[in-house]
**Student:** 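Take a look at the following structure, please.
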Amino acid sequence: QVQLAESGGALVQAGGSLRLSCAASGGTFTNYNMGWFRQAPGKEREFVAVINWSGTNTRYADSLKGRFTISRDNAKNTVHLQMNSLKPEDTAVYYCAANRLVYVWAVPTTTSTAYDYWGRGTQVTVSS
């Protein structure tokens with residue numbers, strides 16, 4: 001059983017930056033691709049970014065490319081999401097999720113239903 005704990009959410013002004021972190025425990029971290037998703041009030045959960053087990057392959061939601069960066073530190077069992085040039089529409093609860101590897105060479109998935117473990121989320125609020 002993998003436990004995930006997000007941190008770093010806050011209230012920030014538009015144009016600002018935040019760095020979210022997700023600490024994993026209870027499993028072998030490199031057995032998982034790691035993703036970030038978000039859910040705004042009244043909206044469905046949406047994909048933000050994913051990074052493969054080795055950190056060599058990343059994918060982003062098209063609307064977020066260039067502003068968000070995902071990274072991982074396998075020595076510390078953590079994954080990060082650097083968010084720059086934040087906009088009010090980025091306001092949401094951000095969730096970290098772990099997707100168990102099937103093939104090490106597979107492209108990491110952006111589909112939320114493929115993820116096996118989820119954190120409780122961290123609130124990001126961007127004021128205008």
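It should be emphasised that the depicted structure is a prediction, and the values quoted were computed from it without experimental measurement.
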**Student:** Could I get the full list of side-chain contact (heavy atoms from CB on, under 4.5 Å) partners for Glu44, not counting sequence neighbours?
**Tutor:**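 Listed in chain order: nothing, the list is empty.
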
**Student:** Can you list everything that forms a salt bridge (charged side-chain N to carboxylate O under 4.0 Å, His left out) with Lys87? Sequence neighbours excluded, please.
**Tutor:**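 Salt bridge (charged side-chain N to carboxylate O under 4.0 Å, His left out) check on Lys87 returns nothing, list empty.
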
**Student:** Go through the structure and list residues passing side-chain contact (heavy atoms from CB on, under 4.5 Å) with Thr56, not counting sequence neighbours.
**Tutor:** Asn52, Ser54

**Student:** Using side-chain contact (heavy atoms from CB on, under 4.5 Å) as the criterion, list what pairs up with Ser63, not counting sequence neighbours.
**Tutor:** Ala61

**Student:** Identify, with sequence neighbours excluded, every residue that meets side-chain contact (heavy atoms from CB on, under 4.5 Å) alongside Asp116.
**Tutor:**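 Scan of Asp116 (side-chain contact (heavy atoms from CB on, under 4.5 Å), adjacent residues dropped) gives Asn99, Arg100.
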
**Student:** Among pairs that include at least one residue of residues 5-17, which meet side chain to side chain donor-acceptor pair (under 3.5 Å), considering only residues two or more places apart or in two chains?
**Tutor:** Ser17-Asn84

**Student:** Kindly give the cluster partners of Tyr103, where membership spreads through any ILVMFWY side chain lying under 4.5 Å from a current member.
**Tutor:** Trp53, Leu101, Val102, Val104, Trp105

**Student:** Holding to side-chain hydrogen bond (donor to acceptor under 3.5 Å, both in side chains), I want the full list of residues that pass it with Thr110, two or more places apart in sequence or in another chain.
**Tutor:**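 With neighbours one apart ignored, the set is empty.
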
**Student:** My understanding is that only residues two or more places apart in sequence, or in another chain, count here; which of them pass salt bridge (charged side-chain N to carboxylate O under 4.0 Å, His left out) with Glu46?
**Tutor:**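 Applying salt bridge (charged side-chain N to carboxylate O under 4.0 Å, His left out) to Glu46 gives Arg38.
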
**Student:** Mind checking ring pair (Phe, Tyr, Trp, His ring centres under 6.0 Å) for Phe47 and listing every partner two or more places apart, or none if nothing turns up?
**Tutor:**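 By the ring pair (Phe, Tyr, Trp, His ring centres under 6.0 Å) rule, Phe47 matches Phe37.
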
**Student:** Mind checking what makes salt bridge (charged side-chain N to carboxylate O under 4.0 Å, His left out) contact with Arg67, not counting sequence neighbours?
**Tutor:**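 Scan of Arg67 (salt bridge (charged side-chain N to carboxylate O under 4.0 Å, His left out), adjacent residues dropped) gives Asp90.
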
**Student:** Of all residues at least two apart in sequence or in a different chain, which pass the side-chain hydrogen bond (donor to acceptor under 3.5 Å, both in side chains) check with Gln123?
**Tutor:** Thr125

